[in-house]
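Right, one structure below, let's go through it.
Ligands are counted one by one from 1 in listed order, and the atoms in each one are counted from 1 as well.
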Amino acid sequence: MKLIAEGAEAKIYLNGNKILKKRICKKYREKELDVFLRKTRTKKEAKLLSDVKRINVKVPRLFEVKNFSIEMEYIYGEKLKNFLNKNNYKKFSKKIGEYVLKMHLSNIIHGDLTTSNIIVKDGELYFIDFGLGVETKSLEQKASDLLTLYQNFKSVHPEFDCWKYFLLGYKRKETEPVLHVFKKMLKRRRYI
Ligand SMILES: Nc1ncnc2c1ncn2[C@@H]1O[C@H](COP(=O)(O)OP(=O)(O)O)[C@@H](O)[C@H]1O
Ligand SMILES: [Mg+2]
């Protein structure tokens, strides 16, 4: 097993064609709270992976869930963050819009929508990292999902107008109320 990534919350190991995402103990958190958060986030992430798969959004296949770890399919590809360029950003941004639309129409919030949490494999987009995700009808939570992605686009890919193409995939009669709340959030953020 080889350690391939270490985030704020988890260590990611690669074992053949499988990934082990293991949530690590945070010393600064009180012990019981730490155990509770790691367990619930692990469970939630596994549940979201299987729920999202059912609505035909591509995610890693789930192999095994334990208290603090998830074993899943290794998506052998490239992070969208490093793959996006002037020739493909329109197509991929629109695709992200279509997939996020599917999730939001099913009341699934990813929670950390960034181009680091999307992997491109064979021209297809795979979403990973649902650890901060939730299932809710809340317009505010859907809008803040959008805000995270909007800010990621602006800060990581400022040379491309990803948002314009994202909206081509996301904007529908049903998502108008979400976009309305999103715009209000954006204004508030600008004047703070
Ligand atoms: N199923 C997977 N297939 C391929 N790479 C993965 C997979 N899961 C995680 N990774 C890699 O590990 C990194 C961190 O995993 P992630 O789930 O995003 O955790 P974190 O919460 O630390 O960001 C990802 O950015 C990606 O490079
Ligand atoms: Mg991540």
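Thr115 and Asn152 are linked by a side-chain donor-acceptor pair at a separation below 3.5 angstrom, with hydrogens and angles left out of the test. Residues His104 and Thr175 bring no donor and acceptor atom of their side chains to less than 3.5 Å of each other.
Under 4.0 Å is where a charged nitrogen must lie from a carboxylate oxygen, and between Lys142 and Asp145 no such pair does. Under 4.0 Å is where a charged nitrogen must lie from a carboxylate oxygen, and between Lys47 and Glu135 at least one such pair does. With respect to the salt-bridge test (charged N to carboxylate O, under 4.0 angstrom), the residues Lys26 and Glu9 do not qualify. Remark: Glu124 engages Lys95 in a salt bridge, criterion side-chain N to carboxylate O under 4.0 Å.
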- request: Check step by step if salt bridge (charged side-chain N to carboxylate O under 4.0 Å, His left out) holds for Lys21 and Glu71.
  value: CA-CA 6 Å; Lys21 179 168 182 174; Glu71 193 184 56; over 6 Å; no
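Residues Ile4 and Ile19 share a closest heavy-atom pair of CD1-CD1, 3.7 Å.
Protein residues having a heavy atom under 4.0 Å from any atom of ligand 1 are Ala5, Gly7, Ile12, Ile19, Lys21, Pro60, Met72, Glu73, Tyr74, Ile75, Lys79, Ser116, Asn117, Ile119, Ile128, Asp129, listed by chain and number.
Between His157 and Tyr89, a ring centre-to-centre spacing not shorter than 6.0 Å is recorded.
Of all protein N/O/S atoms, those under 2.8 Å from the Mg ion (ligand 2) are Asn117 OD1, Asp129 OD2, and waters are not counted.
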